[in-house]
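First the structure, in the form of structure tokens, and then the observations on it.
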Amino acid sequence: MILDIKRPTFHIKHLSSLTSDVWIKLALSNPIEILIDHAHCERKAAGVAIQLMFRYPSEPNLAEVLSPIAREELEHFEKIINFLKDFGYSLKALKPPPYGSELAKRIRKEEPYRMLDSFLIAGLIEARSHERLSILALNSEKKSFKRLYESLLESEARHFGNYWNLAQSKFPKDETFKRLEELAIIESRILSETYSIPRVHS
């Protein structure tokens with residue numbers, strides 16, 4: 001086990017807290033389970049992008065942003081599955097952490113706030129994924145795992161930017177920032193209450 005935990009030198013913008021050492025040690029002790037869970041995360045992220053396209057089919061410029069996200073998420077899903085196969089593992093069902101479902105409860109039901117919250121929560125999840133994959137890339141002892149995490153990092157950051165730009169393009173800046181701050185605090189609180197299972201967002 002790595003004793004001296006390395007952290008990214010950059011700050012992940014808009015997250016209200018840093019990942020704890022408890023999660024880092026848990027994740028590093030269970031690399032295969034973390035990867036299987038991340039494969040599920042990529043699949044779910046593709047589903048979110050597609051769902052938003054179907055929910056708002058006439059929204060200007062939405063499909064042009066979301067379709068590439070969905071495609072890239074599925075490419076990463078396939079990449080992780082193939083990586084796992086090389087080590088003799090395959091995708092399996094895992095008990096999900098409460099992270100995603102708890103965040104989804106904070107999406108307001110009435111429009112246009114439902115759209116705003118959907119963009120911001122999708123972006124926060126991408127931002128947290130970027131932070132945690134950065135930590136795993138820095139601390140993983142196996143070079144193949146390190147390279148895999150590094151190959152996924154850039155898109156996680158870009159996808160957060162995509163969702164953030166969508167929110168800012170369709171809603172007033174002050175309202176968007178205020179709501180993002182509220183949701184970031186909630187996101188942090190959800191994570192602070194969950195460390196029992198090795199998951200990307202536990």
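All values derive from a computational prediction rather than experimental measurement. Because only heavy atoms are used, hydrogens play no part in the values below, and waters and symmetry mates are left out as well, while side chains stay in.
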*Given the rule in the side-chain contact (heavy atoms from CB on, under 4.5 Å) test, do Y149 and L35 qualify, once you have shown the distances and angles that lead to the verdict?*
CA-CA 9 Å; Y149 291 131; L35 267 185; 4.0 Å; yes
*Are W164 and E126 close enough, and set up right, to give a side-chain contact (heavy atoms from CB on, under 4.5 Å), and what steps lead you there?*
CA-CA 11 Å; W164 175 239; E126 296 284 354; over 6 Å; no
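- No more than 12 heavy atoms of other residues, nucleotides or ligands shown are found within 6.0 angstrom of CG on D174.
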*Let me see the working for E59 and L52 under side-chain contact (heavy atoms from CB on, under 4.5 Å), right down to the final yes or no.*
CA-CA 10 Å; E59 189 66 29; L52 287 170; over 6 Å; no
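- Salt bridge K79/E42: absent, no basic N to carboxylate O contact under 4.0 Å.
- R147 and E150 are not joined by a salt bridge, as no carboxylate oxygen comes within less than 4.0 angstrom of a charged side-chain nitrogen.
- Here the shortest heavy-atom pairing between A49 and I69 reads CB-CG2, 4.2 Å.
- Annotation for L124 and H14: closest pair CD2-O, 3.9 Å, computed over non-hydrogen atoms.
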*Chi angles and distances behind the salt bridge (Lys or Arg N to Asp or Glu O under 4.0 Å) call for K109, D117*: CA-CA 9 Å; K109 298 186 185 304; D117 290 356; over 6 Å; no
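- For the pair I125/Y163, no side-chain contact is recorded, criterion being any heavy-atom separation below 4.5 Å from C-beta on.
- The nearest pair of heavy atoms linking F145 to F87 is CE1-CZ, 3.8 Å.
- Formation of a donor-acceptor pair under 3.5 Å by the K170 side chain with backbone atoms of P60 is found in this model.
- Looking at R199 and E33, a side-chain N of the basic residue comes within less than 4.0 Å of a carboxylate O on the acidic one, giving a salt bridge.
- Between K178 and E175 there is no salt bridge, since none of the side-chain N atoms of the basic residue sits less than 4.0 Å from a carboxylate O of the acidic one.
- For the residue pair S129/H201, the side-chain donor-acceptor check at 3.5 Å is satisfied.
- Residues that satisfy the side-chain contact (heavy atoms from CB on, under 4.5 Å) test with Q51, not counting sequence neighbours, are R55.
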*asked:* Please evaluate residues R108 and R179 with respect to the criterion side-chain contact (heavy atoms from CB on, under 4.5 Å), reporting the C-alpha separation (whole Å), side-chain torsions for both, the decisive distance (0.1 Å), and the verdict.
replied: CA-CA 11 Å; R108 291 169 288 184; R179 185 57 177 160; 3.5 Å; yes
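- Between I34 and P198, the closest heavy-atom pair is CD1-C, 3.7 Å.
- Within 6.0 Å of OH on Y113 lie no more than 12 heavy atoms contributed by other residues, nucleotides or ligands.
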